[in-house]
Every structure is written in C-alpha cells, then in structure tokens.
Amino acid sequence: MSYEDIFSNPPKEIGRLREGLLAWFGANGRSLPWRVNYLPYQVWVSEIMLQQTRVETMLPYYHRWMARFPDAASIAKAPEDEVLRLWEGLGYYARANNIRQSAQILVREYGGEVPCDFELLRRLPGIGPYTAGAIMSFAFDADYPAADANAGRIFARLFDIATPSGSTEFARAVRGFSSKLLPPGRSRDFNQALMDLGSMVCSARAPSCVQCPVSFCCAAFRKGLTGVRPVRAPKAIPTHIVRAAVVMVLEGRVLIRKRPETGLMPHLWELPGGEVAEGDSPEQAIGRIGGDELCLRLGPLESLGVILHAHTSFRVELHAFLCNGCDPSPHSVETGPQLRWVSIDELEKFAFPSAHRRIIGAFLERVKEQ
Ligand code: SF4
C-alpha cells in the first residue's frame, strides 16, 4: 500500500499491523528504568536525554541523574555547574540547562509536577511537538503520536516513502502515519513498539525482516528496497577546523573561562584557546590569545598532543599545550565569573567539553610524572 492509499482508503492490514506490533512489544519490548512506573518526571528526563543520543549511551547518565536529582524540585535548586558536570560527555549541553530551567518553572507554577497537558508541555524550554507527544503518550498513556527517528525509518519502509528523510514532506508523511495508525487507548505501547522495533529489528543498516512482525505489509521488503529506504539526503562535506588550547599554570592554579550562553556547548568551561588562522602555527595562535585576549606574557609551550574530534558538520584538529610560566602579574587578566584561576583539584568540579577534559587528563598525567 502506498501512503496516499492509507489516507484515502485505509486497508484492513492496519488492524493486523497494530496487533502485530503490540503483540511483539508485549513479548520483546526493552526493559528500561523509566518504563517501570512511567513516572512523568522520569519519562521527561529520559526523552530529553535521548534526543540525538542512543539508549546505551544515555543509560549511565540517566542512572547518575536520577540518583542525584530524583525529582523536579531537586534539579530546580541545583547549581548550574553541578548540572553540567553531571551531563559532561553526553553532548548537546543546552538540554541540561533546559531541564533545569523547566524544573524551575514546574516548581514555580505546577507544584513540581509535570503537567498532563500537551500545550503546557510545549511551553517548557526544550520541549518540541515530538517530546510533548512522547510525554503525553508514555507518562499519561494519552492518545498522542510520538514518532522518533526509529518510527520514521519504519514508516519509510512500510509505506515506501521516496522523499528524503529530513525533508518537510517526509516529516509530514511520518506525522500523518503516526496519527492514523495510533490505536485508541494503546498509545503508550504502540509508540514504544515502533521505537523498539526500529532499534532492535528494523535497524538502519541491516533490518532483520525475517523476524519482523509487520513484514507482511512492508512495501520496501516486498520490493527489495529496504537498503534505500528511508532516502537519505546527501551529506555535506564536513569543514576542517584547526584550533589550539592551552593549560596555563601559575602558582599551582589553572586559568579557565566560561563559554558564552549561546552557540556550541553553552555555559561549559574551557581552557583558553581559539581557532588557528590560515598561515599561523598553533603556537602563534596561543601566543596571540595569551597576549591580546588575556594580557599575559606566556613562557615556553610544551605540547600535550593533538586531539581529533568530530561534530555534526565539522571536524576539529585541536592542538593542546601546557604553559608553566605566565606574566608575573597575572592579575592584569580580568578575572571574574567568566574567567577564573582554579586549583588543580578544583578542575574536577567544572564541566568541560570532552576534548578539553582529555587535555586536562593529559595535563594531570604530566603533573603526576613530575
Ligand atoms: Fe523493517 Fe524489514 Fe520489518 Fe519492513 S519488514 S518494517 S524493512 S524489518
């Protein structure tokens, strides 16, 4: 069946498809901590953590989070640095700040509870239509669709959607299918069945169609198109960026600065550094940053290595240095809430981007050797 058919003349296979998915989920659904009691706070936090992140990656973070912040009230009053430190390594750090800000709203306006109201949920920072639908469906078992990337992939294959994923038309088709197929009163299990089937059976690279409970009505399986559905938009070639960062040490203390509120990794701390301009060496870039931005005269630089890391649209080659001698009057550097000299032990308390945490690790190894 094509997706035009399903909107105009729903085939009887839809009943079998729903039953097949629900039965499969009953026997094979994943056992996940927020599925034990479906507490709205736990469902909400899990959904935010799962944005752009695999379940296996987020689970240790989820357990640590719930041990430290078991409810909205505890996160609402937590210091930002502690929240970000707990999130360090999970990426997309605006999510952690959004949870904290949302928790403060929940405490102020809803007695610390997650409201059972799609529109109210949508007003919380970081909650879009998908996440609001997922909370309504999983936490409250209300009839809301919640189609994540896994569900989108299944629909693309079941109904042979030939428009590229990521396009507006693809999103519209997925929204349409997830609404039309939702069995009234079974939203929680049905939506989770799609998620789990996409993760466990209808995987991106190698779907196990012989184990699939809905292969009987899968157009891509029937036509031999599972390898080309969903259609992927061509990937942009990632930009290559060269950066440099330095551990500046003065009298046993290290200079760190806070990243801006917007852009990549907002509110995290970082080591001083920046982009290496074309024609410059990484050492020259560090010298310029130390002199022009921080008003420090730097001593000799020792290499702490080169770290390669990838973001969605660019790759970074990060040259790391250690500088043990700065200008003898460091107080010419304007320190304050955004720029601090901290002891080596204190470095553990602040949240850093993963690459900078690795530089700090290399620095601590060097300290141990001395
Ligand atoms: Fe996915 Fe294969 Fe099932 Fe179709 S039959 S939904 S491609 S696992």
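Counting starts at 1 for both ligands and their atoms, in listed order.
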Student: Is it true that atom CZ of Arg68 has more than 12 heavy atoms of other residues, nucleotides or ligands lying nearer than 6.0 Å?
Tutor: yes
Student: Would you verify whether the NZ or CZ of Arg35 falls within 45 degrees of the ring axis of Phe138 while also being under 6.0 Å from that six-membered ring's centre?
Tutor: no
Student: Find out whether the Lys NZ or Arg CZ of Arg18 is both under 6.0 angstrom from the six-membered ring centre of Phe190 and within 45° of the ring's axis.
Tutor: no
Student: Tell me whether Val246 shares a hydrophobic cluster with Leu271, the cluster being built from Ile, Leu, Val, Met, Phe, Trp, Tyr side chains joined at under 4.5 Å.
Tutor: no
Student: Using 2.8 Å as the cut-off, count the protein N, O or S atoms closer than that to atom 2 (Fe) of ligand 1.
Tutor: 1
Student: Under a 3.5 Å cutoff, is there a donor and acceptor pairing between the side chains of Thr53 and Arg95?
Tutor: yes
Student: Taking the six-membered ring of Phe363, is the NZ or CZ of Arg366 close enough (under 6.0 Å from the centre) and on axis enough (within 45°)?
Tutor: no
